[in-house]
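Worksheet: the structure to be examined is printed underneath.
Everything numeric here is computed off the predicted structure, so don't read it as measured data. Note on naming: letters A, B, ... go to the chains in the order of the sequence lines (proteins, then strands), and numbering restarts at 1 for each one.
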Amino acid sequence: MKLPQTFFLNSNVVAIARKMLGKILFTKIDNQITGGIIVETEAYSYKEKGCHAYKGMTKRNEVMFREGGIAYVYLCYGVHEMFNVVTNKKGKADAVLVRALEPLVGIEQMMKRVNAKTERKIASGPGKLTKALGIDRRCNGKEMNSVEIWIEDKNLKFKNRDIGCSPRIGIDYAGDDAWLPWRFTISNINDYKFKIQNL
DNA sequence: TACGTGATCACG
DNA sequence: GTGATCACGTAA
């Protein structure tokens with residue numbers, strides 16, 4: 001089942017980030033379908049200093065202020081496209097950064113895009129997963145149930161011990177807010193992968 | 001551990 | 001206009 005927009009309208013972005021683990025992010029770009037299981041996410045709220053929207057609306061973060069359920073894609077360090085899903089109601093600029101995927105569909109195509117020789121680690125970072133899925137700033141503002149990009153729920157459930165929760169990566173500029181445990185990870189994904197059917 | 005890379009943003 | 005900074009990846 002494709003996740004509906006309502007999934008992203010909740011005001012608790014941390015809960016959404018947690019629930020996005022195990023969902024499957026797909027793109028159909030250049031007529032190729034590629035996708036992977038979301039295994040690492042981070043929550044960002046306009047109320048805290050780690051968030052691009054903390055200081056208000058700018059040209060870059062404008063889509064974060066729209067109604068939830070759309071993509072927020074921006075360029076980081078001049079090199080990497082970063083993919084987020086905007087959440088919450090219009091004007092409440094929250095988002096979830098997707099930081100890593102377990103490759104699942106269209107693996108050959110993903111390997112080609114990232115120029116990798118093996119399928120291992122081809123989407124194991126926020127900059128790499130966008131490259132693997134063909135996501136770039138053209139996806140900025142795109143609805144998350146469109147034909148180019150969407151997330152599916154295959155009802156994957158995890159044991160508590162396989163879910164990690166820790167501070168977010170690379171946001172030292174956020175001061176105290178850098179300590180918020182808003183990063184979520186899955187370990188032992190291979191123990192769960194086989195449960196996914198009907199790709 | 002160092003640095004490429006270029007858009008963005010807060011200054012004037 | 002300009003310059004510091006950046007939600008990374010890779011090589012070493």
Side-chain angles (χ1 to χ4, degrees), chain A residues 8 12-21 23 25 27 34 36 38-66 68-88 92-103 107 109-142 144 149 151 163-186:
Chain A
F8 301 105
N12 187 344
V13 65
V14 178
I16 296 176
R18 160 67 188 79
K19 288 200 306 192
M20 281 172 63
L21 293 175
K23 305 289 191 281
L25 174 62
T27 59
T34 50
I38 296 172
V39 296
E40 181 178 352
T41 61
E42 286 177 358
Y44 288 87
S45 163
Y46 66 98
K47 295 176 183 170
E48 48 84 18
K49 296 193 283 295
C51 184
H52 284 169
Y54 178 67
K55 294 179 188 166
M57 191 187 296
T58 66
K59 189 173 178 185
R60 176 176 67 169
N61 67 23
E62 180 271 325
V63 304
M64 291 185 76
F65 289 81
R66 301 191 205 167
I70 61 177
Y72 168 47
V73 183
Y74 69 94
L75 188 68
C76 184
Y77 295 106
V79 185
H80 309 290
E81 311 274 350
M82 306 283 272
F83 168 73
N84 302 250
V85 182
V86 175
T87 67
N88 213 335
K92 311 281 187 188
D94 295 345
V96 176
L97 172 67
V98 178
R99 290 187 56 89
L101 302 177
E102 174 70 18
I107 290 172
Q109 174 67 21
M110 289 195 265
M111 287 170 58
K112 200 184 290 181
R113 284 180 180 144
V114 301
N115 208 7
K117 292 181 181 62
T118 73
E119 85 168 75
R120 257 183 79 69
K121 297 192 172 183
I122 56 177
S124 62
K128 293 169 76 178
L129 76 89
T130 53
K131 196 171 177 190
L133 293 196
I135 295 170
D136 60 26
R137 280 162 289 170
R138 286 174 295 187
C139 296
N140 193 39
K142 198 142 278 186
M144 287 305 300
I149 186 162
I151 293 176
I163 298 174
C165 177
S166 57
R168 296 168 294 176
I169 303 295
I171 57 162
D172 292 346
Y173 60 85
D176 294 346
D177 289 336
W179 295 102
L180 293 169
W182 286 7
R183 171 173 177 250
F184 297 93
T185 54
I186 290 296

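- Put simply, CD on A:E81 is 12 Å from P on C:dG9, counting in whole angstrom units.
- The distance between atom CE of A:M64 and atom P of B:dC9, rounded to the nearest whole Å, is 12 Å.
- Taking every side-chain heavy atom of A:Y173 into account, C:dC6 is the closest of B:dA7, C:dC6, B:dT8.
- Comment: A:R138 engages A:D136 in a salt bridge, judged by a side-chain N to carboxylate O separation of less than 4.0 angstrom.
- In this structure, of C:dC8, C:dT10, B:dA10, it is C:dT10 that holds the atom nearest to the side chain of A:K128.
- For A:K55, taking side-chain heavy atoms from C-beta onward, the closest of the listed nucleotides C:dA7, B:dA10, B:dT5 is B:dA10.
- Summarising the base pairing, C:dA11 is matched to B:dT1 through a Watson-Crick or G-U wobble pair whose two defining distances lie under 3.5 Å.
- The separation between A:L75 atom CG and C:dA7 atom P is 11 Å, rounded to whole Å.
- Rounded to a whole Å, the CZ atom of A:R137 is 7 Å from the C1' atom of B:dA7.
- Rounded to a whole Å, the CG atom of A:N61 is 16 Å from the P atom of C:dC6.
- At most 12 non-hydrogen atoms from other residues, nucleotides or ligands lie less than 6.0 angstrom from NZ of A:K47.
- Within a 6.0 Å sphere centred on NZ of A:K128, heavy atoms belonging to other residues, nucleotides or ligands number more than 12.
- Between A:I169 and A:V114, the residue anchored closer to the 5' end of DNA chain C is A:I169, taking for each the nucleotide with the nearest heavy atom.
- Here A:Y77 packs flat against the base of C:dC8; its ring centre is closer than 5.5 angstrom to the base's six-membered ring, tilted by less than 30 degrees.
- Here the side chain of A:K59 is nearest to one of B:dT5, C:dC8, B:dC9, namely B:dC9.
- For C:dA7, its base never sits under 3.5 Å from the side chain of A:H80 at any donor and acceptor pair.
- Between A:T58 and the phosphate of B:dC9, there is a side-chain N or O to OP1/OP2 separation shorter than 4.0 Å.
- For the OP1/OP2 pair of C:dA7 and a distance below 4.0 Å, the side-chain nitrogens and oxygens of A:R99 include no atom meeting the criterion.
- Atom CD in A:E62 sits roughly 13 Å away from atom P in B:dT8 (whole-Å rounding).
- A straight line from CD1 of A:I122 to P of C:dT10 spans 12 Å, rounded to a whole angstrom.
- Here the P atom of nucleotide C:dC6 and the CG atom of A:D172 are 9 Å apart, to the nearest Å.
- Taking each heavy atom of A:Y72 and A:R60 in turn, the nearest pair found is CE1-O, 3.4 Å.
- Heavy atoms of A:R168 sit nowhere under 4.0 angstrom from any nucleic acid atom.
- Salt bridge present: A:R168 and A:E48 bring a charged side-chain N and a carboxylate O closer than 4.0 Å.
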